[in-house]
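For reference, the structure is listed below as structure tokens.
If you're wondering where the values come from, they're calculated on a predicted model, not measured in any experiment. Counting starts at 1 for both ligands and their atoms, following the listed order. Side chains are part of it too, since the values below use all heavy atoms of this structure and drop only hydrogens, waters and symmetry mates.
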Amino acid sequence: MSFRNFKMVSYVVYGRGSFNQLDEILAPQRKGEAPMIFLVDHFFDGKPLLSRIPLRGKDKVILADVTYEPKTTQVDALAKSLKEEFGTISGVIGIGGGSTMDLAKAVALMMTNPGSSADYQGWDLVQQAGVYKAGIPTLSGTGAEVSRTTVLTGPTRKLGMNSDFTPFDQIVLDPELTKDAPANQRFYTGMDCYIHCIESLEGTYLNEFSKSYGAKALDLCQKVFVEKNSWDDECDDQLMMASYAGGMSIAYSQVGVAHAVSYGLSYLLGTKHGIGNCIVMNHLEEYYPAGVKEFKYMVEKNHIEIPQGICKGLTEDQFDTMIGVSLGMKPLWENALGKDWEKIMTKEKLRALFDKL
Ligand code: NAD
Ligand code: ZN
């Protein structure tokens with residue numbers, strides 16, 4: 001038995017208005033004239049947050065188009081243009097949802113590692129530390145702020161650059177930044193956290209470390225989506241900590257059925273992570289009975305629409321592609337169903353599940 005020895009984020013600041021400390025946080029990380037690059041979710045184009053970014057010298061703001069989830073080609077192009085323009089940079093600061101944070105992590109790594117980011121999709125393939133990187137979430141739920149991965153769609157697969165070099169050096173958790181998120185988006189991303197908790201707590205990889213964080217994250221998700229009758233500042237505070245704790249929980253366990261199936265959807269149809277997980281969770285009574293019941297209650301209570309029938313009219317080849325991608329996520333299935341998972345989740349069974357979505 002060998003226990004995972006995992007790398008965590010080095011510095012964490014939490015609190016309303018903590019974004020205002022960014023200048024002093026970054027000061028010691030500046031390497032001479034080399035600029036800091038602020039990769040900012042395009043939602044903030046023209047918004048007041050842009051003018052609060054502490055630009056110095058040659059620092060640059062780049063708006064990240066996150067209409068689609070991050071691609072290896074997008075990461076490579078960004079890293080290439082930064083190398084051409086500046087040679088070296090002091091660091092990359094990702095300000096946005098999971099997509100922007102993942103982009104920032106990947107670009108920081110590709111400033112020092114040769115080749116394409118697609119070469120590093122997998123586990124522990126990254127060889128060099130990247131440049132300094134900081135993450136500042138503006139949506140709560142993915143846990144991307146604490147994880148050791150950055151999920152990228154590459155030429156042949158959707159897979160993260162999982163490595164000890166991937167976690168941020170610094171995260172700034174300022175719940176004020178999430179307050180303008182639209183209710184649907186907030187729910188989908190928040191449910192990513194809820195689903196992480198259910199998958200981790202109901203999984204076979206569970207230990208007391210991930211249980212402690214998972215139970216706390218679940219409790220916070222329930223406070224926000226079950227107990228509260230309208231959204232307030234406390235919800236933003238709680239959901240940001242839920243995301244952090246949910247991320248810590250899966251750091252020492254694994255996600256499960258909803259994620260494995262949702263990866264199939266996302267690969268073929270481009271379904272985004274949060275909503276994709278919700279579409280799948282809606283049909284997982286057999287695997288997570290209590291979690292799915294509560295999930296449905298939260299959907300209703302928060303007046304959220306979960307799309308139905310998204311696999312209607314797909315060809316057998318397309319179903320096969322999704323099934324292949326999904327069954328490829330072996331650790332997720334093993335966590336969810338145990339060592340004998342291949343006997344339980346057959347192709348036929350998964351085909352029937354995709355049919356329902
Ligand atoms: P997102 O980053 O894809 O953003 C969703 C939408 O919300 C975008 O249109 C964005 O512009 C907008 N947005 C962001 N902040 C906003 C705000 N404050 N107000 C209004 N709109 C805002 O959404 P997400 O759910 O946070 O992230 C999903 C991504 O995270 C996927 O690419 C997924 O693969 C990745 N992910 C990564 C990890 C990890 O560990 N690295 C874990 C889970 C998910
Ligand atoms: Zn997730």
Donor + acceptor pair across side chains of D236, T178 (<3.5 Å): yes
Residue pairs meeting ring-ring contact (aromatic ring centres under 6.0 Å, His included), one or both in residues 5-40, sequence neighbours left out, come to F6-F209, F6-Y252
Is any side-chain heavy atom of F319 less than 4.5 Å from a side-chain heavy atom of T315? no
So do the side chains of Q74 and P70 get within less than 4.5 Å of each other, counting heavy atoms only? yes
Using a cut-off of 2.8 Å, find all protein N, O or S atoms closer to the Zn ion (ligand 2) than that distance. D192 OD1, H196 NE2, H259 NE2, H273 NE2
Cut-off 3.5 Å, side chains only: do S266 and K158 have a donor facing an acceptor? yes
Within the protein, flag every N or O under 3.5 Å from an N or O of ligand 1, and note the pair and distance.
{"from": "ligand 1", "atom 1": "2 (O)", "to": "G98", "atom 2": "N", "distance (Å)": "3.1"}
{"from": "ligand 1", "atom 1": "2 (O)", "to": "S99", "atom 2": "N", "distance (Å)": "2.9"}
{"from": "ligand 1", "atom 1": "2 (O)", "to": "S99", "atom 2": "OG", "distance (Å)": "3.4"}
{"from": "ligand 1", "atom 1": "3 (O)", "to": "S99", "atom 2": "OG", "distance (Å)": "2.6"}
{"from": "ligand 1", "atom 1": "3 (O)", "to": "K272", "atom 2": "NZ", "distance (Å)": "3.4"}
{"from": "ligand 1", "atom 1": "11 (O)", "to": "D41", "atom 2": "OD1", "distance (Å)": "2.5"}
{"from": "ligand 1", "atom 1": "11 (O)", "to": "D41", "atom 2": "OD2", "distance (Å)": "3.3"}
{"from": "ligand 1", "atom 1": "15 (N)", "to": "T138", "atom 2": "OG1", "distance (Å)": "2.8"}
{"from": "ligand 1", "atom 1": "18 (N)", "to": "T138", "atom 2": "O", "distance (Å)": "2.8"}
{"from": "ligand 1", "atom 1": "18 (N)", "to": "L177", "atom 2": "O", "distance (Å)": "3.3"}
{"from": "ligand 1", "atom 1": "25 (O)", "to": "T189", "atom 2": "OG1", "distance (Å)": "2.7"}
{"from": "ligand 1", "atom 1": "26 (O)", "to": "G98", "atom 2": "N", "distance (Å)": "2.8"}
{"from": "ligand 1", "atom 1": "27 (O)", "to": "G98", "atom 2": "N", "distance (Å)": "3.2"}
{"from": "ligand 1", "atom 1": "32 (O)", "to": "S99", "atom 2": "OG", "distance (Å)": "3.3"}
{"from": "ligand 1", "atom 1": "40 (O)", "to": "S147", "atom 2": "OG", "distance (Å)": "2.6"}
{"from": "ligand 1", "atom 1": "41 (N)", "to": "D102", "atom 2": "OD1", "distance (Å)": "2.8"}
{"from": "ligand 1", "atom 1": "41 (N)", "to": "D102", "atom 2": "OD2", "distance (Å)": "3.3"}
{"from": "ligand 1", "atom 1": "41 (N)", "to": "S147", "atom 2": "OG", "distance (Å)": "3.3"}
{"from": "ligand 1", "atom 1": "41 (N)", "to": "T149", "atom 2": "O", "distance (Å)": "3.1"}

Apply ring pair (Phe, Tyr, Trp, His ring centres under 6.0 Å) to the pair F225 and Y194, showing each step before the final yes or no. CA-CA 10 Å; F225 293 113; Y194 180 82; 8.3 Å; no
Any idea how H273 and Y263 line up, ring-wise: parallel (<30°), tilted (30 to 60°), or perpendicular (>60°)? perpendicular
Judged by modelled atom types alone, do D65 and T67 share a side-chain donor-acceptor pair under 3.5 Å? yes
Give the table of side-chain donor-acceptor pairs shorter than 3.5 Å for residues 340-349, with sequence neighbours excluded, one pair per line with atom names and distance.
{"from": "T346", "atom 1": "OG1", "to": "K349", "atom 2": "N", "distance (Å)": "3.2"}
{"from": "K349", "atom 1": "NZ", "to": "E286", "atom 2": "OE2", "distance (Å)": "2.6"}

